[in-house]
Amino acid sequence: MSSFLSTLRRHPTKNQSRSQAPFAAVAPLLGAGLLLGASGGFVLAAALTLSVALNLPIGLWWEALVQAHGHLQLYGWAGLFVLGVAFHFLPRLRGAPLRFPRLIPWIVGAQVASLLLRAFSGPLTTITGALVWRIGLVLSGVLECFAIGSVLAMLVATARQQPTLRSRPALWSVLPFLTCALTSLGFASVVN
């Protein structure tokens with residue numbers, strides 16, 4: 001029996017080729033989110049707390065650090081975590097495999113690079129005013145738009161597969177919420 005199962009794993013049938021990607025495919029999103037939250041977001045929070053506790057002069061640098069911290073936590077820690085869950089959950093709810101899963105490493109790389117650039121460039125722009133940090137902020141926005149745009153494209157392409165949406169009552173009941181969340185995510189990325 002075990003040799004039969006190992007043969008099936010090596011040679012997928014037509015039905016198995018449309019099977020769901022394993023959780024390991026989305027694990028890098030979750031790992032990156034946890035790493036950014038634990039290392040970057042909490043370090044910035046500690047710096048903010050210490051600056052107030054030590055009565056350091058608060059100026060534009062402090063406000064930029066607050067924005068960098070919030071962005072890192074929202075789009076890094078929580079955002080990447082939610083995207084990882086969405087990439088794992090939506091295809092199963094849809095009854096179709098995740099489209100373009102090869103983009104996941106590119107999404108993780110672009111989003112992490114975007115968040116790190118923003119975490120450094122925002123505060124350093126206010127402190128030094130140097131052009132290199134302003135360019136870093138613009139590049140961070142471009143990378144974030146690429147990452148979020150790719151996420152939206154993957155999720156929309158996954159949702160548009162067969163079978164019809166009407167035949168998936170579980171998905172149909174949450175579709176308005178998913179649509180609102182994805183629209184908000186795309187709009188927030190562009191505005192940001």
Side-chain angles (χ1 to χ4, degrees), residues 23-90 103-156 174 176-192:
F23 184 74
V26 299
L29 287 160
L30 304 176
L34 289 172
L35 188 60
L36 283 169
S39 62
F42 295 134
V43 167
L44 292 178
L48 291 166
T49 303
L50 287 175
S51 66
V52 171
L54 298 173
N55 290 326
L56 296 176
I58 295 176
L60 287 178
W61 70 270
W62 197 84
E63 291 176 19
L65 204 60
V66 168
Q67 289 176 357
H69 162 71
H71 195 78
L72 198 61
Q73 293 296 84
L74 182 62
Y75 284 91
W77 181 55
L80 286 172
F81 212 82
V82 168
L83 292 178
V85 171
F87 281 166
H88 187 71
F89 176 68
L90 179 64
L103 286 178
I104 292 175
W106 292 96
I107 291 169
V108 172
Q111 189 65 7
V112 168
S114 166
L115 291 166
L116 292 176
L117 267 172
R118 183 172 174 123
F120 286 106
S121 297
L124 290 172
T125 297
T126 62
I127 294 170
T128 67
L131 180 63
V132 68
W133 300 119
R134 291 178 186 191
I135 292 171
L137 276 175
V138 171
L139 184 57
S140 122
V142 170
L143 287 170
E144 185 172 294
C145 281
F146 166 77
I148 300 300
S150 299
V151 165
L152 295 175
M154 288 174 68
L155 292 176
V156 167
V174 297
F177 303 110
L178 290 172
T179 303
C180 180
L182 293 177
T183 303
S184 299
L185 177 65
F187 183 69
S189 180
V190 170
V191 168
N192 183 44

Rounded distance [0.5 Å steps], [atom1] in [X] versus [atom2] in [Y]:
X      : Y      : atom1 : atom2 : answer
Ser140 : Ile135 : OG    : CD1   : 13.0 Å
Leu182 : Leu178 : CG    : CG    : 6.0 Å
Leu115 : Leu74  : CG    : CG    : 9.5 Å
Met154 : Ser150 : CE    : OG    : 8.0 Å
Cys145 : Leu152 : SG    : CG    : 10.0 Å

Heavy-atom closest contact ([X] atom, [Y] atom, distance):
X      : Y      : answer
Leu65  : Pro123 : CD1-CG, 3.6 Å
Leu36  : Gly76  : CD1-CA, 4.0 Å
Gly84  : Leu29  : CA-CD1, 3.7 Å
Ala68  : Leu44  : C-CD1, 4.0 Å
Leu48  : Ser51  : O-OG, 2.7 Å
Leu143 : Ala110 : CB-O, 3.7 Å

Does some side-chain heavy atom of [Y] sit less than 4.5 Å from a side-chain heavy atom of [X]?
X      : Y      : value
Ile107 : Phe87  : yes
Phe146 : Gln111 : no
Phe23  : Leu30  : yes
Leu185 : Leu83  : yes

query = For the side-chain contact (heavy atoms from CB on, under 4.5 Å) test, which of Leu124, Ile127, Leu117, Thr126 pairs with Trp133?
reply =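 Testing Trp133 for a side-chain contact (heavy atoms from CB on, under 4.5 Å) against Leu124, Ile127, Leu117, Thr126 leaves exactly one candidate, Leu124.
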Pairs flagged by ring pair (Phe, Tyr, Trp, His ring centres under 6.0 Å) wherever residues 46-76 is involved - sequence neighbours left out = His71-Tyr75
ask   = Does CZ in Phe120 sit with more than 12 non-hydrogen atoms of other residues, nucleotides or ligands closer than 6.0 Å?
value = no
